[in-house]
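The figures that follow rest on heavy atoms only: side chains count, while hydrogens, waters and symmetry mates do not. We name chains A, B, ... by the order of the sequence lines, and we start the count at 1 in each one.
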Amino acid sequence: MYTKVAGVPEIWDCGMSLFLKHIIRPPIQDHLVSAILREIQVERDGYVIHRSDVKGCVDVFLALSEDADSPSVYKRDLEPALLRESEAFYKAEGERLLETCDAPEYLLRVSPALLYAWRGGR
Amino acid sequence: MRGAVAGNMRQIEARFEAEEARAAHYLSSHTAAPLRQILQDQLLTPHLLTVISMPNSGLDVMIDLDKIDDLARLYRLFTTVPLGLPTLRKALKDTLDARGKAINTAGLAGDADADGPDDDAGPAAKARGKGKVLAPGAGAQTLRLALKWVEDVLALKDKFDGVWRQSFQSDRDIESGLNEVSDSARFGVLVVR
């Protein structure tokens with residue numbers, strides 16, 4: 001109640017900042033970020049993950065920031081890394097999709113024998 | 001193989017939905033927009049033309065086989081990126097133009113066989129004129145060709161009308177593109193009305 005008057009942080013903010021300073025810090029933070037990214041990758045590859053676990057970590061990052069005005073740890077650290085990873089993944093995915101589109105075409109064109117075999121086999 | 005592009009479009013659409021759900025369920029809702037942007041920039045925009053003109057499974061084949069759902073998906077995805085609709089419009093114009101030319105060429109080739117080359121009137125005028133020439137034998141042959149031409153053109157119009165209505169949500173922009181082709185002298189008035 002008297003913290004504002006005394007010019008010191010309120011107990012909640014103080015707790016958050018201490019938590020950020022002592023618990024969420026390198027190397028723990030980096031481990032967390034890469035674990036989250038890994039889980040997302042696993043899910044993109046078509047497997048089921050524990051979304052609630054990831055959500056828990058993300059929520060912590062969303063709630064924490066260096067001070068009241070600065071962006072959350074999510075915005076500062078996790079999101080840029082996530083978008084970087086996503087960009088690389090979907091770039092490769094775009095090329096892969098084109099190749100699967102093109103591959104039968106390409107094979108048939110380079111190999112008349114294959115075309116013959118393919119038609120003969122049906 | 002025939003469905004390669006359609007399959008890709010399905011996968012891409014599923015990716016969009018998955019990322020949307022991801023952002024909503026366990027990331028921040030602010031991340032949805034940049035993720036969508038990445039998908040558009042990486043999966044759609046660079047490959048629009050390649051995908052649409054893919055032989056054996058691209059736009060032409062989808063239209064040939066009346067793949068209404070696949071075409072609708074193509075339209076949905078393409079309209080999410082700025083270059084998509086112009087690319088689709090151009091490809092549709094090209095394929096309609098090529099199909100129209102094919103019908104005309106078939107008609108003219110048959111015509112030449114029947115009674116030699118004619119004057120320079122458009123096929124529509126020619127078809128109508130020929131219908132009134134009542135020389136037996138050659139006349140019947142010409143009439144049959146003329147009727148065939150009319151039937152082919154009407155069938156083409158029906159096909160594209162159907163695709164436009166069912167797959168492209170009666171898109172005005174696409175309609176004007178198609179009308180540009182069918183209004184051109186080549187088709188006469190038959191296609192549009």
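- Only the side chain of A:Glu79 comes within contact range of chain B, judged by heavy atoms closer than 4.5 Å.
- Within residues 23-48 of chain B, the residues that have a heavy atom under 4.5 Å from a heavy atom of chain A are B:His25, B:Tyr26, B:Leu27, B:Ser28, B:His30, B:Thr31, B:Pro34, B:Leu35, B:Ile38, B:Leu39, B:Gln42, B:Leu43, B:His47, listed by number.
- For A:Asp59, the side-chain contact (heavy atoms from CB on, under 4.5 Å) partners are A:Lys55, A:Leu62, not counting sequence neighbours.
- At a heavy-atom separation below 4.5 angstrom, chain B is approached by no residue within residues 32-39 of chain A.
- Counting non-hydrogen atoms of neighbouring residues, nucleotides and ligands closer than 6.0 angstrom, the CG atom of B:Asp69 reaches no more than 12 such neighbours.
- Heavy atoms closer than 4.5 Å to chain B are found in both the backbone and the side chain of A:Tyr90.
- Both A:Val54 and A:Tyr47 sit in one connected hydrophobic cluster of ILVMFWY residues. Membership requires side-chain heavy atoms under 4.5 Å apart, directly or through other members.
- The part of A:Phe89 that comes within reach of chain B is its side chain, from C-beta onward, which places non-hydrogen atoms under 4.5 angstrom from that chain.
- Of the atoms belonging to A:Leu82, it is side-chain heavy atoms, and not backbone ones, that fall under 4.5 Å from chain B.
- A:Val73 and A:Leu18 are assigned to two separate hydrophobic clusters, defined by single-linkage of ILVMFWY side chains at heavy-atom distances under 4.5 Å.
- For B:Asp70, the side-chain contact (heavy atoms from CB on, under 4.5 Å) criterion is met by B:Ala6, B:Arg10, B:Met62, B:Lys67, B:Arg73, not counting sequence neighbours.
- Looking at B:Arg15, its side chain does come within 3.5 Å of a backbone N or O of A:Arg44 through a donor-acceptor pair.
- Open room surrounds NZ on A:Lys91; 12 or fewer heavy atoms of other groups in view lie less than 6.0 Å from it.
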